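Every value quoted in this text rests on a predicted model; they were computed, and no experiment measured them.
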Amino acid sequence: MNRCTASHTSSVELLIVNITPNSDEMEKLLTFQTDVTAYHLYYIQEGILKYFETGDHTLKFVPLQIEELDFIQANCGAVGVLTRKESIQFLQERQIPYLDLNESSSNQQLGFGISFKGEGILAANHFINEAGVRSLIFIGADYCPSHLRRLSEFEAQANKNNIPVHPCLFSHFSTGFADGEKIQSHNLNHKKRLLQLLLKLEKPIGIFCGNDRIALNNYYFAKSQQFHVPTEISLLGVGSLQRSIGGWPEQVSVIQMDHHKLGYTAAQLMETFMTSGRAPQSVQLKSDRIVHRQTTLRSRNDDHQVRSAMEYIRKFPGTTAPSVCQHLDIPRSTLEARFQRIFGNSIAKLIDQERFRQARDLLKNFKYNLEAIATLSGYADRRHLRRNFYKHIEMSPSCYRNQFIKQQHRSSK
């Protein structure tokens, strides 16, 4: 509390203000700070607000911006996600305790922290045990601690099953207008590395992404390169338990993280720290659910008949849906229901996709002419092959082969 005293000097009254408040009388405030834009930050702040809505609290939540903290004469603490060094330095210079939710090392000064764990393990188990992938890729930012943790978990779990993970990491760079060429070059190099992996690795490929936005970008990239998602390439990101404001695109499958709980628990820890002066025990929150949308397959390995059907279709792409059911000795209605549950498509649609996939791969082998490719991939003749290519990618097989040659030439530069 500010204390005012009056004195008289030569008949002039002076007001002397002590601007250093008594720490025992100071109000204890908590703020939420961020210098990055992401939809899940809204849910973290909602979680903090929820904590203060019930019960009596020594701490009070005030939604102040970081630059406003200079005007507050109070015992302040902060929770948030700050990525720039100058932002964190601002708080440190003013001795404002700050709980970083960005999984960085800055929490070491408090002696406690809060973070998620297990997303990489969950992703690896899904791809290997349920989706039956043959190859694994991780895509994320090499400057993001949470992405690197997810990669480490992903690799450790995959190694237990003797499946290597191929990291495809991108680095931080300036986003200023002057760096337009640098950004374009950076993105092009990343796409080249990823495309080389997609062409080289055995299908199906499971791709685990550092967050849902990266997964969404690579979903569109895979489709632009005529890979089929999710039968050839299965994509999984990480997202919030809640939906984003305005509606996040529904395509991408995600491991859900409860950011409400993250904000609520962070407020609880900071109140304990600021009122007792002692560091509470660190907390780890575990993600244990995958929300399947358009970019992942659902539990294929636990259905023996579906797995057998897909093996038969890959071996004999010229087959038909009735022939598959006859081979497995199962009613078509039963098998169709299982295909819809796992793939979201009919048997006939999966046969059509498999023929196209095999034809596309054979076009990359220049020892086969179009007639041979049509026969090997299950088409009645070259005319049916051409018609199917126009249906899938709106170009002829010859144009696709020429495009592949040009693409290989660019990648080799």
Inset, instruction - Tell me whether the guanidinium CZ or amine NZ of Arg94 lies under 6.0 angstrom from the six-membered ring centre of Phe90 and within 45° of its axis. - result: yes

Inset, instruction - Would you please say whether a donor-acceptor pair under 3.5 Å links the side chains of His57 and Glu271? - result: yes

Inset, instruction - Using ring pair (Phe, Tyr, Trp, His ring centres under 6.0 Å) as the criterion, list what pairs up with Phe112, not counting sequence neighbours. - result: Phe273

Inset, instruction - Under the side chain to side chain donor-acceptor pair (under 3.5 Å) rule, what do Asp142 and His147 come out as? Steps first, then yes or no, please. - result: CA-CA 7 Å; Asp142 63 8; His147 291 197; over 6 Å; no

Legend entry - Exam field: side chain Arg401 to backbone Asn365, donor-acceptor pair closer than 3.5 Å: yes

Inset, instruction - Indicate whether any N or O donor in one side chain lies under 3.5 Å from an N or O acceptor in the other, for Tyr220 and Gln251. - result: yes

Inset, instruction - Would you sort out whether Glu354 and Gln358 count as a side chain to side chain donor-acceptor pair (under 3.5 Å), showing the intermediate values? - result: CA-CA 6 Å; Glu354 182 61 25; Gln358 291 198 22; 2.9 Å; yes

Inset, instruction - Step through it carefully: locate the ring centre of His260, locate the ring centre of His40, and say whether they are under 6.0 Å apart. - result: no

Legend entry - Single hit among Val133, Leu198, Leu136, Thr296 for side chain to side chain contact (heavy atoms under 4.5 Å, CB included) with Ile207: Leu198

Legend entry - Any side-chain donor near an acceptor of the partner, Gln268 and Tyr264, under 3.5 Å: no

Inset, instruction - Kindly state whether the ring of His228 and the ring of Phe356 have centres lying under 6.0 angstrom apart. - result: no

Inset, instruction - Scan side-chain atoms only and decide if Gln157 and Glu153 contain a donor-acceptor pair under the 3.5 Å cut-off. - result: no

Inset, instruction - Decide whether Thr83 and Asn102 meet the rule of one side-chain donor and one side-chain acceptor closer than 3.5 Å. - result: no

Legend entry - Distance flag, aromatic centroids of Phe116 and His259, threshold under 6.0 Å: yes

